[in-house]
Q: 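Here you go, one structure.
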Protein chains: 6
Amino acid sequence: MLRDIRITRGYQQWPAGSVLVEFGNTRVLCAASVTEGVPRWRAGSGLGWVTAEYAMLPSATHSRSDRESVKGRIGGRTHEISRLIGRSLRACIDLAALGENTIVIDCDVIQADGGTRTAAVTGGYVALADAITWLGAAGRLADPKPLACAVSAVSVGVVDGRVRLDLPYEEDSRAEVDMNVVATDAGTLIEVQGTGEGATFARSTLDKMLDFALAGCAELNRLQAEALAKPYPGVLPEPKPKKSRS
Amino acid sequence: MLRDIRITRGYQQWPAGSVLVEFGNTRVLCAASVTEGVPRWRAGSGLGWVTAEYAMLPSATHSRSDRESVKGRIGGRTHEISRLIGRSLRACIDLAALGENTIVIDCDVIQADGGTRTAAVTGGYVALADAITWLGAAGRLADPKPLACAVSAVSVGVVDGRVRLDLPYEEDSRAEVDMNVVATDAGTLIEVQGTGEGATFARSTLDKMLDFALAGCAELNRLQAEALAKPYPGVLPEPKPKKSRS
Amino acid sequence: MLRDIRITRGYQQWPAGSVLVEFGNTRVLCAASVTEGVPRWRAGSGLGWVTAEYAMLPSATHSRSDRESVKGRIGGRTHEISRLIGRSLRACIDLAALGENTIVIDCDVIQADGGTRTAAVTGGYVALADAITWLGAAGRLADPKPLACAVSAVSVGVVDGRVRLDLPYEEDSRAEVDMNVVATDAGTLIEVQGTGEGATFARSTLDKMLDFALAGCAELNRLQAEALAKPYPGVLPEPKPKKSRS
Amino acid sequence: MLRDIRITRGYQQWPAGSVLVEFGNTRVLCAASVTEGVPRWRAGSGLGWVTAEYAMLPSATHSRSDRESVKGRIGGRTHEISRLIGRSLRACIDLAALGENTIVIDCDVIQADGGTRTAAVTGGYVALADAITWLGAAGRLADPKPLACAVSAVSVGVVDGRVRLDLPYEEDSRAEVDMNVVATDAGTLIEVQGTGEGATFARSTLDKMLDFALAGCAELNRLQAEALAKPYPGVLPEPKPKKSRS
Amino acid sequence: MLRDIRITRGYQQWPAGSVLVEFGNTRVLCAASVTEGVPRWRAGSGLGWVTAEYAMLPSATHSRSDRESVKGRIGGRTHEISRLIGRSLRACIDLAALGENTIVIDCDVIQADGGTRTAAVTGGYVALADAITWLGAAGRLADPKPLACAVSAVSVGVVDGRVRLDLPYEEDSRAEVDMNVVATDAGTLIEVQGTGEGATFARSTLDKMLDFALAGCAELNRLQAEALAKPYPGVLPEPKPKKSRS
Amino acid sequence: MLRDIRITRGYQQWPAGSVLVEFGNTRVLCAASVTEGVPRWRAGSGLGWVTAEYAMLPSATHSRSDRESVKGRIGGRTHEISRLIGRSLRACIDLAALGENTIVIDCDVIQADGGTRTAAVTGGYVALADAITWLGAAGRLADPKPLACAVSAVSVGVVDGRVRLDLPYEEDSRAEVDMNVVATDAGTLIEVQGTGEGATFARSTLDKMLDFALAGCAELNRLQAEALAKPYPGVLPEPKPKKSRS
């Protein structure tokens, strides 16, 4: 029921984790960059920090979209999705175990065809896992296993009165109800965002959409695990006490 | 189970609708301003437009917060809430019946104690209803009944392992799960946003939270109807063909 | 000769001083928030700091005005009024007696009908006085009496050739000369700003306007004293050596 | 009592009016650029428009000041002074006689030593007069005499308890009271802005300061007239019906 | 002497031209988006317009770089490179033959290892050629052959006293002289930018660097021609009179 | 072959170096302001810093140009020229000998008639030399001779098929090729920027333009030396160990 999913690790050479994730024709590059230290407001707490930034290449969409750097401000949609990705990935990590390190997950959409935010969460988790492996090899984790669970996300909608999973843009744009679900590999929920688009929906519809979404997330978790079963796609650092890489 | 709710219509003299809504100590001023015409991108479509802007007075929060006008940019949270309010209120209105008029719902938080966005949706609906009455009296609606249903919203959370409705700030800030639900007086859903805050949650918890939220929304719909049963709190315009008021 | 004046203390629960001031239909919310410490450029001087920020709700004016946060910049008029309020209130306070505390006076116009800046100065003084009481109770003043005098302000104009005090918007917008006067309860002047609006004016007109304005300020000082004669509208802190509240 | 005043017309080659004005060591370049047409909000009214922009070169002040273009925003002081200059110069001109032309007066401070805003008004008037001459020669005025009076401005302050005219920076920075007066060559007032700097002042002080300021403005008017008695410092256009120059 | 060069057409599905160009480890995605019409300032001229925007993914560099959209402004380096690319590509195109169409070349650096701007010009030309093919098939060109020549670019530098072509980052960062050359397949020059980095250089060095650069550009022209010899990598439009695609 | 060149030192009183440079009708004010210390990113390195900011007065151009401070952002052209000036002047100075001092070169164009950037480099060097003299007198240089060479710049172009030096605006705007060359008094090159404007050019043309430019720079070096042969145009500081001036 999902579109064709591909997860390619080691897409870029510099970041500690770099994953190209594809949900059908949607392609998102998820890079996890590591820096020593944490933002000033949490320095000295012993806790690490994970945050995310989402953006769209101008050429990723059917009609070219203007650059937010040129407009001089980030739009509401971008803010909203960046916050969703960061929140979702923080739900699976023990920030004390991470130690005072910051991981920024950059999710840049190369090609958009619906579901970019759910692809970003799903690929972002794999990039995060690689960054954790990198930090572990470098001996910089406060505790060896900071990841408590795996995280994936999928969209689900009602199109022409029928519930559909992982909608491409053509269906998404005419969906009556649109929902994004972030879930763990333990089957629990992290985030549920359902919206009637110019329509309202019954609670029974919500229930059915959740069934579809949880099944989709389980399949995505399986594909993430498969991808992560392969060795780290690059050169791991020597376990020196303190070294920075981004 | 809701906090003490108060809805005061006619709070300001200039806007066509102006409502002070209070959920316990949370106080939000919701003003509906009417202008003739629509944004350029939908001019000539025959459809009207409803949008919302949410903001917080610096003095509304326990610790003073900086002004977004001084910072020179609107934060992600503000964007996100403004979009939620606009989307929720558009779900109840027939934009063709509205005719080519724009209604801006300004939701300014006078005092914040949890649930400001749900108070804003709930009060915003009442302000919108007054603006519709004003437009009807002025003879400017394309169709006499553009409002298809009433809209209210409430927050629900899990605090200390128990589901709680309409959380004040003190409880909200330590909730394990936090959910906002927007619903209609027909019992259907417009928006469901549930988030685990540094925790994940079971689907059964989601179900229980929805029970609480829908009961809360039904009670809010009753209070909205009660408030709107009183006459329009101001002077209605004469039915001239085309006149602008904001 | 003044419009109907009302001063309501304790309008909000969080700030140390919170005053709703009304000059006829003009309503301004003046909140005084206290924070420990001073801006970096005067740290270590032993002096405190008082500053003000003025803003208008979009729904406060006859035609809805755009938000400065959305425009991404603060306009010249806003800057000018914020500076006037801050300068006026600093004239009555001994900043050494205040100690290294900062008081921000937020003046948010809820409803505009002429004279918003003079209402803001007048109400801002009362909010400032409450914040000083709060700081005194907390034992955080360097010296017990930092306020040297009371400050009030009023507008005066020439309309249809006659001098008029405290103009509502309808008169203000067609005044030939427009003047704002800030004065103390000792009858001395803090600020005089008189402008010919597309007209020039004789020095004798200036003299007559000053007569009116000083009489108005004296009456405003009487109403401020009356309002401040009532007890502090909230719970005062225990005299602990150093505690922050905003 | 004024410092040494110099008014040099024709300082730049492109603008219709370009005046270097010096008040002692203060040097301000005032350029009046003409464009056909008016801002959109007054198009079709038959009225012209005059506006001003004030700025300071970074190297003009004792300690280098940062560029507002680099900071990305214009400060409150800049806004305030630009508005004052524009308002002052509009008071002397009949905008209907100007016809639908716009004149922008750019006042760029080359060297600052107190009184930059009053020098800008005084020099700005001379640049404006040259631009009017230019427009008249081009046959583009709706009416031949749009200037109703001459405008000059001067600062006056109380330093060490004594009233002083046209203060250099060293005195201005320690003045107890600071006032700027804009007046016409008919002896009437356009703008009076008096401020106690951390002090209040008696009405009798205000009176004495006005005496000084009006005497100073009269002398400045004499020097303006002297400067303008010389021929136009450039090549006047042929009276073609419509031509643009800036 | 060039690094390993790869040119992949048809990298994205939406833009009329989309090319991934690789100079060694440097990877730049060049997308050419077509829109009908031209910017307002040249509307009605009959001429088309070609412009370019260059940007760097945050994860493209060795240490993560901040997003310009988050900073709210575009840096000087970005501006400079965008202008260079646009100028270089406009040199090879007859804008009258293009007709009133706009082509935006987006050059987004996926991975940076020196020479990103020269890779962007080289790949941008291929994307532009594909966009021209697309416009030709759609029957929207004013004239069938708007491209007068092919354009490529390469960097050349002096490292350890020796002239080197197409420098990777490691060499570029310690080059004494750094030059970028844009040339045509006719062997003529479009742009020469040579800079001593904390050093000056003799004219004979400049001559030698030009020899290397022109040889490099000739080889790049050969590879461009080879890539463009293959058929258009997508579906060409039917020759309808006027249709927009981006 | 150069236009009439004038170099006036001591144009402003506050900066350590202040030079008005004129290339024909082009007039640029170059001010060198000194501050103790260096930007944070190079503090503690023992090296000084030299940077430049270029700007245009709105009234400097034939048609008035908008202020970048009002637009809220600095344009690409401004950035590019500021960077060129800074880079050129840093090529001639030993930053270790400068010690931890910062010199900002502000180049403000008073009147523009072609070649403003080359005038700015040429005048900026003289202002820099005066600032070095000032620092030397104050005893604040780490080493007595930080300037290794003199720097000048000139434009050269091809107009109507003929190579021309130091183009005024009228010629520059219709040049087929445009080049700026920065050179030292030792005859070596610092920067070469040649651009075909909608045309390409042969390598032999480049060679001929370089001949002209180097001859022009030699003449400019002679005029700089002549200007600097006169005594420092102001009061030099006493050799106190550490004092700041800007």
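Chain naming here is simple, since letters A, B, ... match the order of the sequence lines and numbering starts at 1 in each. Keep in mind that the numbers below use all heavy atoms, side chains included, and drop hydrogens, waters and symmetry copies.
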Q: Using a 4.5 angstrom heavy-atom cutoff, name the option from B:A186, B:A199, B:G76 with the most pairs to chain A.
A: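 So the answer, after comparing B:A186, B:A199, B:G76, is B:G76.
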Q: Side chain, backbone, both or neither: which part of A:I93 has an atom under 4.5 Å from a heavy atom of chain B?
A: neither
Q: Hey, can you dump all donor-acceptor pairs under 3.5 Å between chain A and chain B, distances included?
A:
{"residue": "A:E80", "atom": "OE1", "partner": "B:R83", "partner atom": "NE", "Å": "2.7"}
{"residue": "A:R83", "atom": "NE", "partner": "B:E80", "partner atom": "OE1", "Å": "2.7"}
{"residue": "A:T188", "atom": "OG1", "partner": "B:T200", "partner atom": "OG1", "Å": "3.0"}
{"residue": "A:L189", "atom": "N", "partner": "B:F201", "partner atom": "O", "Å": "2.7"}
{"residue": "A:L189", "atom": "O", "partner": "B:F201", "partner atom": "N", "Å": "2.9"}
{"residue": "A:I190", "atom": "O", "partner": "B:G196", "partner atom": "N", "Å": "2.8"}
{"residue": "A:E191", "atom": "OE1", "partner": "B:T195", "partner atom": "OG1", "Å": "3.4"}
{"residue": "A:E191", "atom": "OE2", "partner": "B:T195", "partner atom": "OG1", "Å": "3.1"}
{"residue": "A:V192", "atom": "N", "partner": "B:G194", "partner atom": "O", "Å": "2.9"}
{"residue": "A:V192", "atom": "O", "partner": "B:G194", "partner atom": "N", "Å": "2.8"}
{"residue": "A:G194", "atom": "N", "partner": "B:V192", "partner atom": "O", "Å": "2.8"}
{"residue": "A:G194", "atom": "O", "partner": "B:V192", "partner atom": "N", "Å": "2.9"}
{"residue": "A:T195", "atom": "OG1", "partner": "B:E191", "partner atom": "OE1", "Å": "3.4"}
{"residue": "A:T195", "atom": "OG1", "partner": "B:E191", "partner atom": "OE2", "Å": "3.1"}
{"residue": "A:G196", "atom": "N", "partner": "B:I190", "partner atom": "O", "Å": "2.8"}
{"residue": "A:T200", "atom": "OG1", "partner": "B:T188", "partner atom": "OG1", "Å": "3.0"}
{"residue": "A:F201", "atom": "N", "partner": "B:L189", "partner atom": "O", "Å": "2.9"}
{"residue": "A:F201", "atom": "O", "partner": "B:L189", "partner atom": "N", "Å": "2.7"}
{"residue": "A:R203", "atom": "NH1", "partner": "B:D211", "partner atom": "OD1", "Å": "2.6"}
{"residue": "A:R203", "atom": "NH2", "partner": "B:D207", "partner atom": "O", "Å": "3.0"}
{"residue": "A:R203", "atom": "NH2", "partner": "B:D211", "partner atom": "OD1", "Å": "3.1"}
{"residue": "A:D207", "atom": "O", "partner": "B:R203", "partner atom": "NH2", "Å": "3.0"}
{"residue": "A:D211", "atom": "OD1", "partner": "B:R203", "partner atom": "NH1", "Å": "2.6"}
{"residue": "A:D211", "atom": "OD1", "partner": "B:R203", "partner atom": "NH2", "Å": "3.1"}

Q: Does any heavy atom of chain B fall under 4.5 Å from the side chain of A:I74, the backbone, both, or neither of them?
A: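 When you check distances to chain B, only backbone atoms of A:I74 fall under 4.5 Å.
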Q: Using the test side chain to side chain contact (heavy atoms under 4.5 Å, CB included), find all partners of A:A91 that sit at least two apart in sequence or belong to another chain.
A: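 Partners of A:A91 by the side chain to side chain contact (heavy atoms under 4.5 Å, CB included) criterion, ordered by chain and then number, come out as A:I190.
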